[in-house]
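Side chains included, hydrogens not; waters and symmetry mates left out as well; all remaining heavy atoms used. What you see is a predicted model, and the numbers here were worked out from it, not measured in a lab. Letters A, B, ... mirror the listed sequences (proteins, then strands); counts begin at 1.
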There are 2 protein chains.
Amino acid sequence: MGLAKTEIFTDLQNEIALFAKVFGHPARVAILQHLFKIDTCVCGDLVNEIGLAQPTISQHLKELKNLGLIKGNVEGTSVCYCINTENWTKMKAVMLQFLDQDLPQTTCC
Amino acid sequence: MGLAKTEIFTDLQNEIALFAKVFGHPARVAILQHLFKIDTCVCGDLVNEIGLAQPTISQHLKELKNLGLIKGNVEGTSVCYCINTENWTKMKAVMLQFLDQDLPQTTCC
DNA sequence: TTGTTATATTGCAATATTACGATTAATAAT
DNA sequence: ATTATTAATCGTAATATTGCAATATAACAA
């Protein structure tokens with residue numbers, strides 16, 4: 001199929017999966033790390049920094065923007081991107097809750 | 001293509017993406033949540049619990065096992081699965097480092 | 001041995017993802 | 001106005017993912 005049966009899972013499970021999915025490509029990880037490092041930068045900088053073609057970077061930026069993790073601001077012919085700190089914090093809370101569960105005491109091996 | 005250019009990214013970026021990718025499907029999130037909740041369970045229980053076909057669950061379990069996040073133990077005709085707590089802790093450290101970066105002070109909008 | 005149960009593997013169809021060339025749109029500079 | 005610059009969009013090829021039916025495997029039971 002190639003299509004997840006989202007309807008049989010909880011909203012939280014689907015939300016976690018959606019966030020995780022967007023982090024599931026090293027280019028998007030690299031974009032976010034770069035934005036954290038230098039606060040704001042234009043699309044062209046990311047193209048140079050990362051080394052993928054401009055349409056490819058643009059596509060990755062779009063996915064990050066769709067999930068609300070970054071914001072873009074048009075400045076002349078450039079577009080300046082930055083972390084959406086409010087949404088990042090919300091996302092982090094969701095992911096931490098998942099990652100930070102109490103480890104089981106019993107294991108099977 | 002459908003194939004990430006992993007060679008242009010750092011080991012850490014690729015590692016983060018690999019972990020995130022495995023969390024990028026709600027079935028695998030659900031499996032892990034269930035294992036955290038009841039410590040250990042056999043494959044068949046997960047099939048009932050989650051509601052996907054047995055081969056599908058088996059495939060998701062394999063991916064979690066390949067990344068080292070769960071362990072499987074053969075018990076007669078059943079296989080008992082549990083969280084690999086040591087590797088989970090290691091994974092968590094990597095992901096937290098990524099998620100918990102200091103928020104930028106400057107934004108572009 | 002024969003059958004039963006539980007899980008893994010194989011094969012495949014449907015869909016999604018990744019990457020990029022070509023093009024478009026929008027602003028800026030001359 | 002014309003041209004350059006920047007980024008988004010479109011179209012498409014290559015590959016990956018998801019889900020399951022069918023089958024294989026492995027352990028136990030009678």
Side-chain angles (χ1 to χ4, degrees), chain A residues 1-9 13-14 17-31 35 40-67 70-82 108-109, chain B residues 1-9 13-14 17-31 35 40-67 70-82 108-109:
Chain A
M1 300 233 153
L3 186 152
K5 280 192 160 181
T6 53
E7 70 278 7
I8 68 173
F9 301 103
Q13 285 162 348
N14 283 314
L18 276 181
F19 283 134
K21 204 170 181 181
V22 88
F23 299 141
H25 193 291
R28 292 188 291 263
V29 171
I31 288 171
L35 287 178
T40 75
C41 78
V42 297
C43 176
D45 292 341
L46 289 165
V47 174
N48 294 329
E49 174 72 17
I50 291 176
L52 289 171
Q54 176 267 321
T56 308
I57 296 294
S58 202
Q59 197 171 261
H60 286 306
L61 286 169
K62 192 179 177 183
E63 290 180 63
L64 290 167
K65 208 173 158 191
N66 283 344
L67 261 186
I70 63 172
K71 289 190 283 190
N73 194 42
V74 178
E75 292 182 355
T77 58
S78 300
V79 178
C80 181
Y81 284 98
C82 63
C108 46
C109 29
Chain B
M1 301 233 151
L3 185 151
K5 281 193 162 181
T6 53
E7 70 278 7
I8 67 173
F9 301 104
Q13 286 162 347
N14 284 313
L18 277 181
F19 282 134
K21 204 172 183 180
V22 88
F23 299 139
H25 192 292
R28 292 188 291 264
V29 171
I31 288 171
L35 287 179
T40 75
C41 79
V42 296
C43 176
D45 293 342
L46 290 165
V47 173
N48 294 330
E49 175 72 18
I50 292 175
L52 289 172
Q54 176 268 320
T56 308
I57 295 294
S58 201
Q59 196 173 262
H60 286 306
L61 286 169
K62 192 179 176 183
E63 290 179 63
L64 290 167
K65 209 173 156 191
N66 283 345
L67 261 186
I70 63 173
K71 289 190 283 189
N73 194 41
V74 178
E75 292 182 355
T77 58
S78 301
V79 178
C80 181
Y81 284 99
C82 63
C108 46
C109 29

Distance in angstrom units between A:Glu63 CD and C:dA16 C1', rounded: 10 Å
Which residues satisfy the ring pair (Phe, Tyr, Trp, His ring centres under 6.0 Å) test with A:Tyr81, sequence neighbours excluded? none
Take atom CG of B:Asn66 and atom P of D:dA16, then tell me their distance rounded to the nearest Å. 15 Å
Looking at every non-hydrogen atom in both residues, tell me the closest pair between A:Ser78 and A:Val42 and how far apart they are. CB-CG1, 3.8 Å
Output all residues satisfying side chain to side chain contact (heavy atoms under 4.5 Å, CB included) with A:Leu46, sequence neighbours left out; order by chain, then residue number. A:Ile31, A:His34, A:Cys41, A:Ile50, A:Ile57, A:Leu61
Under 3.5 Å, which protein N or O atoms sit close to an N or O of nucleotides 6-14 of chain D? Give each pair with its distance.
residue : atom : partner : partner atom : Å
D:dA7   : OP1  : A:Cys43 : N            : 3.1
D:dA7   : OP1  : A:Gly44 : N            : 3.2
D:dA7   : OP2  : A:Gly44 : N            : 2.8
D:dA8   : OP1  : A:Tyr81 : OH           : 2.4
D:dA8   : OP2  : A:Ser58 : OG           : 2.6
D:dA8   : N7   : A:Gln54 : NE2          : 2.5
D:dA8   : N6   : A:Gln54 : OE1          : 3.0
D:dA13  : N1   : B:Met1  : N            : 3.2
D:dA13  : N3   : B:Met1  : N            : 3.1
D:dA14  : N3   : B:Met1  : N            : 2.8
D:dA14  : N3   : B:Met1  : O            : 2.1
D:dA14  : N3   : B:Gly2  : N            : 3.3

With sequence neighbours left out, the residues meeting side-chain hydrogen bond (donor to acceptor under 3.5 Å, both in side chains) with B:Gln13 are A:Gln33, B:Thr10
B:Cys82 and B:Thr40 have their tightest heavy-atom pair at CB-CG2, 4.1 Å
Which residue in the set A:Asn14, A:Leu18, A:Ile8 passes side chain to side chain contact (heavy atoms under 4.5 Å, CB included) when paired with B:Pro26? A:Asn14
Between C1' of D:dT17 and CG of B:Leu64, the distance in whole Å: 15 Å
Counting only non-hydrogen atoms, which of residues 17-25 of chain A are less than 4.0 Å from DNA chain C? A:Lys21, A:His25
I need the minimum non-hydrogen distance between B:Leu52 and A:Phe9, along with the two atoms involved. CD1-CZ, 4.1 Å
So what does B:Glu75 hit on the nucleic acid, given a heavy-atom distance under 4.0 Å: a base, only sugar-phosphate, or nothing? nothing
Protein-nucleotide distance (B:Leu46, atom CG; C:dA6, atom P), rounded to Å: 14 Å
Within this structure, what is the CD-to-C1' distance between B:Glu49 and C:dT7, rounded to whole angstrom? 18 Å
Send over the distance from B:His60 NE2 to D:dC20 P, rounded to a whole Å. 9 Å
Does A:Ala4 or B:Ala4 map to a spot on DNA chain C nearer the 5' end, using the closest nucleotide for each? A:Ala4
Write out all pairs satisfying salt bridge (Lys or Arg N to Asp or Glu O under 4.0 Å) with one or both partners inside residues 54-63 of chain A, taking only residues at least two apart or from two chains. A:Arg28-A:Glu63
Between SG on residue B:Cys80 and CG on residue B:Leu35, distance to nearest 0.5 Å: 8.5 Å
Euclidean distance, atom CD1 of residue B:Ile8 to atom P of C:dC20 [Å, nearest integer]: 8 Å
